There are 2 protein chains.
Amino acid sequence: MDLKRLSKHLGLSQTTVSRALNGYPDVSAATRERVTNAAREVGYSPNPLARRLAKGRLEAVGVIMSVGVGNFGDPFYSEFLAGVAEVFHQADMDLLVVAAPTGEEELSAYRRMVEGRRVDGLIVARTRTKDPRINYLLERNFPFVTFGRSGESAQHAFLDMDNEAGFIQVTERLIDFGHSRIALINAPEDLHFALLRRHGYERALRDAGLECDPELIVEGDRGEVDGHRLAERLLGLDRPPTALLCASDAMALGAMRAVKECGRTVGTDVSIIGYDDLPFAKYTEPPLTTLHQPIRPAGAHVAEMLLSRISGSTIEDLQDLWQPRLIVRESDGICHSK
Amino acid sequence: MDLKRLSKHLGLSQTTVSRALNGYPDVSAATRERVTNAAREVGYSPNPLARRLAKGRLEAVGVIMSVGVGNFGDPFYSEFLAGVAEVFHQADMDLLVVAAPTGEEELSAYRRMVEGRRVDGLIVARTRTKDPRINYLLERNFPFVTFGRSGESAQHAFLDMDNEAGFIQVTERLIDFGHSRIALINAPEDLHFALLRRHGYERALRDAGLECDPELIVEGDRGEVDGHRLAERLLGLDRPPTALLCASDAMALGAMRAVKECGRTVGTDVSIIGYDDLPFAKYTEPPLTTLHQPIRPAGAHVAEMLLSRISGSTIEDLQDLWQPRLIVRESDGICHSK
DNA sequence: TTTACTTCTCAAAGCGCTTTGGGTCGCTAA
DNA sequence: TTAGCGACCCAAAGCGCTTTGAGAAGTAAA
């Protein structure tokens, strides 16, 4: 059923029916009522394509997942998208998602979205310090908000976890436990959050007057596997660390294995702290101390920010920092080495 | 830049330019060349809205994630969507995703998609035996393909893992190890795959002439938590099981904890087998024996199936069953109880 | 020279909405 | 009585494409 037939059926013009349905004030209450009822009865709903074409708004937003090869098990997007999707659904906006591997192809996916006029705005996650996607969007002056800051954060809307504060907190915790050789098993530092985490780590170390041994800072991107590999290497050092700060629970899990394999015990001999608070973290042995971040709510919040960005809010009002929450379990503790 | 301006610029009609760009045979090679070049130069790309409106095709498909509360950490959709999204991106189709909790609201999300003419087809995952979404789509005769079978599988396109075969295999494996009291910690059985897994389990038991004790079949839906709770209960039975077959790695992880808590050791005293082969499964203690299913490729395949369904393929040609792959690690073994 | 095709191009009619820019009608105020 | 003003309603012009139905030009056959 389309507008034409509906209006014919009602003996009214398309104009009037359209305006009645869209809440314009220049139609009488009686007419509006009649129209609304009829519309409901015959199950009329406007063709969104036609509506959008006429209005010149897309009523759609997009998110481009940057997928790696085989980083299965990363629950991030599941949760994040759930939050995002729900908000846009409420707002009657379409959410387009595409998956592209980081790199040239990724950028072309962005171009397709903006130059192909498919969406009114974009969400970008997994931000990098030097992020070509952000530069691109900035220079096209296209509405977007990021989850995570970047090198250009001042110029765009974002929600981010306060990674620096989080890592200051956990590093201080380890220092308080008496650890002085604390290693950082970080994510690749082109990811901006990883950089900030290192800053937090170094800052806490410096503030406590501790040496900041570059040998103790390593990075990798393959979760458990790299966590294991890197921890192994660290523990083999002449002066091995007594605590391992990991950029993710997955890495922490790999690190745990490495610790056990060289005959020491996690929590007493060497402390481990993760990040993410994945459900399995409660069930590792020992249960993993970690930092919690509410991904789903974050997704929802980013979505809301984009909505208000699109409707004209200024960037300054759209820059939020959330605090991660420390979840104390049993994988860390007092330093027993001399 | 729009068609009108481009064609004016070229001194041609919109018709010709349009047809040149869309590969119609009735335009001379020279003209086509001229048009294509000009289009590239000025960066022309057709407005998808207008195109779709004119063609009467939406060039979009949708997937509705059924999100529960707080089932964070479920990497399923991350992987699945990555596969799906990539295929549709290649095919130049938009992928719409919405998230809705199971129930009435979920169904209305489906209605919005089909009656609101937003997509040409849908993908439905996490199918249930009696699945109102499937019934709805069936009765509207709307193109869709599911990941997972349902009570109505005969009537729709699907890709599914052969859950029954998978569970026959692992159950037989445990039987071969000498286990006779094997428990099944299942997902809620309204999820069709859970039902099929039980069938496989029961079938293997019967074929081996073993008793099929209903006391040993339990279900839950909260991953680690329920795995732990249910295993605890099972181990407290008068005649406790010596093997726990779990519907997911998450549950298996919870179950492992329960086993250890009551002082027995996983793999020798009680065998545990999971399902999913999440990355952490390699790093549990002991490493978890499990069934692997390739989610990302599955997503991609489902997407391709939908594409061919939309372009007219018959349902019979679109019903595939993939075999899960057994990953043997160390959480199961010979039964040592008398 | 016609006739009959090809080959290439185009004007115009949609697709299903929204919006602009008037109208018409009945009332009040002058 | 008439101008002026709300309150309602409508015809028509887009939005930016695709597609239909035909026309013009050139070529080959008769």
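Keep in mind that this is a model prediction, so the values were computed, not measured. Proteins get letters first, then strands, A, B, ... in listed order; numbering begins at 1 in each.
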Trainee: Nearest-Å distance, CG (Asp2(A)) to P (dG14(C))?
Mentor: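 That distance rounds to 14 Å.
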
Trainee: To the nearest 10°, let me know how far the axis at one end of the helix from dT1(C)-dA30(D) to dA30(C)-dT1(D) is tilted from the axis at the other, five pairs an end.
Mentor: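 Helix axis angle between the two ends: 60°.
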
Trainee: Looking at Glu104(A) and Arg133(A), is any side-chain nitrogen of the basic one under 4.0 Å from a carboxylate oxygen of the acidic one?
Mentor: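 Salt bridge absent between Arg133(A) and Glu104(A).
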
Trainee: If I compare all heavy atoms of Thr127(B) with all of Arg149(B), which pair ends up nearest, and what's the gap?
Mentor: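 Heavy-atom minimum between the residues: OG1-O, 2.6 Å.
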
Trainee: Quick one: is Tyr24(A) getting a side-chain N or O under 4.0 Å of the dC9(D) phosphate, OP1 or OP2?
Mentor: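 False: Tyr24(A) side-chain N/O out of range (4.0 Å or more) of dC9(D) OP1/OP2.
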
Trainee: Along nucleotides 8-13 of chain C, 5' to 3', which nucleotides get a B, which get an S, and which get a -, given that the test is a protein heavy-atom distance under 4.0 Å?
Mentor: BBBBB-

Trainee: Hey, what do you get for CZ (Phe158(A)) to OG (Ser150(A)), rounding to the nearest 0.5 Å?
Mentor: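 It comes to 8.5 Å.
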
Trainee: What integer distance in Å separates Asn22(A):CG from dG16(C):C1'?
Mentor: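 Atom-to-atom, Asn22(A) to dG16(C), this comes out as 13 Å.
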
Trainee: Check whether the side chains of Thr31(B) and Ser28(B) place a donor and an acceptor atom closer than 3.5 Å, and report yes or no.
Mentor: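 The answer is yes; a qualifying pair exists.
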
Trainee: Report, one line per pair, each donor and acceptor closer than 3.5 Å where one atom sits in a side chain of residues 138-146 of chain A; sequence neighbours left out.
Mentor:
| residue | atom | partner | partner atom | Å |
| --- | --- | --- | --- | --- |
| Arg140(A) | NH1 | Glu115(A) | OE2 | 3.4 |
| Thr146(A) | OG1 | Gly148(A) | O | 2.7 |

Trainee: Could you list by number each residue of residues 35-42 of chain A showing a heavy-atom separation from DNA chain C of less than 4.0 Å, or answer none if no residue does?
Mentor: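 Contacts with DNA chain C under 4.0 Å: none.
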
Trainee: Using the salt bridge (charged side-chain N to carboxylate O under 4.0 Å, His left out) criterion, which residues pair with Glu152(A)? Sequence neighbours excluded.
Mentor: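 None.
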
Trainee: For residues 80-99 of chain B, run the donor-acceptor check on the side chains, cut-off 3.5 Å, and write out each pair with its distance to 0.1 Å, sequence neighbours left out.
Mentor:
| residue | atom | partner | partner atom | Å |
| --- | --- | --- | --- | --- |
| His89(B) | ND1 | Arg112(A) | NH1 | 3.3 |
| Asp92(B) | OD1 | Arg112(A) | NE | 2.9 |
| Asp92(B) | OD1 | Arg112(A) | NH2 | 2.7 |
| Asp94(B) | OD1 | Arg118(A) | NH1 | 3.2 |
| Asp94(B) | OD2 | Arg52(B) | NH1 | 3.1 |
| Asp94(B) | OD2 | Arg52(B) | NH2 | 3.1 |

Trainee: Using the salt bridge (charged side-chain N to carboxylate O under 4.0 Å, His left out) criterion, which residues pair with Asp120(A)? Sequence neighbours excluded.
Mentor: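 None.
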
Trainee: I need the CG-P distance between Leu3(B) and dT19(D), as an integer number of Å.
Mentor: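 Atom-to-atom, Leu3(B) to dT19(D), this comes out as 12 Å.
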
Trainee: What residues form a side chain to side chain donor-acceptor pair (under 3.5 Å) with Ser313(A), not counting sequence neighbours?
Mentor: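 Per chain and number, Ser313(A) pairs via side chain to side chain donor-acceptor pair (under 3.5 Å) with no residue.
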
Trainee: In Å, rounded to the nearest 0.5 Å, how long is the span from CZ of Phe193(A) to OG1 of Thr129(A)?
Mentor: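 Those atoms lie 10.0 Å apart.
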
Trainee: I need the residues from residues 43-57 of chain A with at least one non-hydrogen atom less than 4.0 Å from DNA chain C; give them sorted by number, or say none.
Mentor: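 Residues of residues 43-57 of chain A that come under 4.0 Å of DNA chain C are, in numerical order, Tyr44(A), Pro46(A), Asn47(A), Ala50(A), Arg51(A), Ala54(A), Lys55(A).
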
Trainee: Partners of Glu33(B) by salt bridge (charged side-chain N to carboxylate O under 4.0 Å, His left out), sequence neighbours excluded?
Mentor: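 Once residues adjacent in sequence are excluded, Glu33(B) has no partner under the salt bridge (charged side-chain N to carboxylate O under 4.0 Å, His left out) criterion.
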
Trainee: Holding to salt bridge (charged side-chain N to carboxylate O under 4.0 Å, His left out), I want the full list of residues that pass it with Arg19(A), two or more places apart in sequence or in another chain.
Mentor: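 Expected list: Asp26(A).
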
Trainee: Atom CG of Leu21(A) and atom C1' of dG16(C): how far apart are they, to the nearest Å?
Mentor: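 In whole Å, dG16(C) C1' and Leu21(A) CG are 14 Å from each other.
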
Trainee: Show me the donor-acceptor pairs, under 3.5 Å and distance only, between side chains in residues 5-12 of chain B and residues at least two apart or in other chains.
Mentor:
| residue | atom | partner | partner atom | Å |
| --- | --- | --- | --- | --- |
| Ser7(B) | OG | Leu3(B) | O | 2.8 |
| Ser7(B) | OG | Lys4(B) | O | 2.8 |

